[in-house]
Structure formats: C-alpha cells, structure tokens
Amino acid sequence: MSEPRVKVPEKVKKGEVFEIKTLISHPMETGQRKDGDGKVIPRMIINKLVCRYNGEEVFAAELAPAISANPYLSFFTQATASGRLEFAWTDDAGRTYTHTAQLTVE
Amino acid sequence: MTKRTTQARGRASRRQVLAGAGALAIAGVIALPGGSARAQAGAGEFAAALKKTLGDAQAKDGKVAIQAPEIAENGATVPVIVRVDTPVTADSYVRRITLLADGNPNPEVAVFTLTPRSGKAEVSTRLRLAKTQNVVAVAELSDKSLWMTKKEIKVTIGGCGG
C-alpha cells in the first residue's frame, strides 16, 4: 500500500529542463462517501508532495480530495548537478512516504 | 418524482390558504427553499475559495492555460495539464498555481508551489469532478501578478460519490 512510483530520466544534460512523473498508490478517501450503515467514511488523503533536488525544494503540491485516487503528478525541473531527487508524500494521519531517485547530469 | 413533489406543493399551499398548516405542508414549504439555499452555499464556497486565492488583487485573463478533455466520460479521473506561458528564470518565474472546481462539494483542488528551479511552469494531474463544471486555474508570478483561466469540462459519470 502507498507504494510510490517515480519516473525520472537517468541521464540529462546540464541546463536541460526535464519532466518528473510521480504516482503513489492511495485510495484518496474523500470524506464524502458513506459505508453500508450510512456512516461517513472519514477523509484520508495524501495532502502533500514535496520534491527536493540535492536538498533544495524545487516543487511542492498541496492536494484536496478532488485529486483522483492514486494521485498522479508530473512537473518539471532544470538539471543543475548530479545527485538526488527526494520525494515525500504526507497523508492526513501525518504518515510520510518517501522515494529517492538518482540523477546523472552530464 | 418531480410530479409527486409538485402535487405535494399544491396540496401544501391549499392547506396554507386554509391556515391548516399540517406536517405535510411544513415539509413541502421548507424542503424546496432549503434545496436552493444549499446550491447557493456551494457557489458561495467557490467564491470564498477564489477570494482566498486572489486576496484583494484582480487576476487578468491570459498566460495560464488548462488542457483537459471537453467531455470526461469518467469524472473519477480526469487528466488535466495546467501550464503558464512565461519564461522561468532566477528572477522571473511562477510562484504558485491554484486549481479550483466550481461544481464539486469542495471547491479546492490543488495548490502547486513552483520555483526558479522549475525550468518550465507546467503541471499535470488527474481530478475528480462530481458533475459538469468549470475548472479554474490561477497563476501567481514572481512579480505578484495574477493570471486566471477557466475551462468547462462535461462529465458523463460523476467522480465523487460512492
């Protein structure tokens, strides 16, 4: 559950703007649905994604229940130096899910 | 269903005229305005969310664009790309893109924080849309200027229910 998937090119040229695609398996329970007994199923969503490139925040997203289950986000960044792209998703219970990708800049 | 409601209303107003306000009459009179009040509250929530995004400033048309299907068969997952037509440099970039939806139970969709390191001001995601409605994008640039656009997406099967 909540397995993150990230697609980043292995090698990029310095200065190149490249796309980062992310997806995390999560039901994104909206808080609008009711169970069989008519009780509201509590909201439980991934409400935040932060992407850091060698420690510097390059992108962040705050998400509402209007984002689909298994939230998909893609965005861009510019290649500066080889290193680590770190991703951290946070859910409504404060749990954090992380993923790290290695990037080679030529 | 609609027919029965109309009949119930008719009966209710007759009883009112006769000043014999029974339980049915009260239910009939209260239920209908109650429904429209809820619809207005929904519009009010969208206006409030937009106001929260814009503050006291005005957004101009242009620069920001939403790419999405005209008709979404499945409202549970509607692919949307939002992009801002502006160069991204160290001193001129997009700070924030806010996505709102005016026909969902909750108008907030997402807030993306971009940086001079973004390289390109474009974000893709997938939305839940309860019904046919406008998706609104507001972009705030580093010079504090605000740019807004909206796109109507027709939804065949809503994506918020159970």
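Predicted model, so just to flag it, every value in this text is computed and none were measured. Lettering of chains follows the sequences in order, A, B, ..., and the numbering in each one begins at 1. Reckoned from all heavy atoms, side chains included, excluding hydrogens, waters and symmetry mates.
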Chain B heavy atoms under 4.5 Å from [X]: which part of the residue, side chain, backbone, both or neither?
X: A/Ala69; result: both
X: A/Thr80; result: side chain
X: A/Glu56; result: side chain
X: A/Leu23; result: side chain

Best-contacting candidate, [options], against chain B by heavy atom pairs under 4.5 angstrom:
options: A/Pro65, A/Ala60, A/Gly31, A/Pro71; value: A/Ala60
options: A/Ala79, A/Ala61, A/Ser68, A/Gly15; value: A/Ser68
options: A/Val50, A/Val17, A/Asn70, A/Thr77; value: A/Thr77
options: A/Met28, A/Glu57, A/Lys48, A/Glu62; value: A/Glu62

### Message
Between B/Lys154 and B/Glu152 (salt bridge meaning N to carboxylate O under 4.0 Å), is one present in this structure?
### Response
yes
### Task
Applying side chain to side chain donor-acceptor pair (under 3.5 Å) between A/Ser74 and each of A/Lys21, A/Lys7, A/Glu19, report the one that passes.
A/Glu19
### Message
Please determine whether residues A/Tyr53 and A/Val12 belong to a single hydrophobic cluster, defined as Ile, Leu, Val, Met, Phe, Trp and Tyr linked transitively by side-chain heavy-atom distances below 4.5 Å.
### Response
yes
#### Entry: Same apolar cluster: B/Ile153 and B/Leu127, side chain cutoff 4.5 Å
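Shared cluster, yes.
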### Query
What is the ring orientation for A/Phe87 with A/His99, classed by angle as parallel under 30°, tilted 30 to 60°, or perpendicular over 60°?
tilted
### Task
Go through the steps to decide whether A/Leu49 and A/Leu63 satisfy the test side-chain contact (heavy atoms from CB on, under 4.5 Å), and finish with yes or no.
CA-CA 8 Å; A/Leu49 166 66; A/Leu63 309 179; 5.5 Å; no
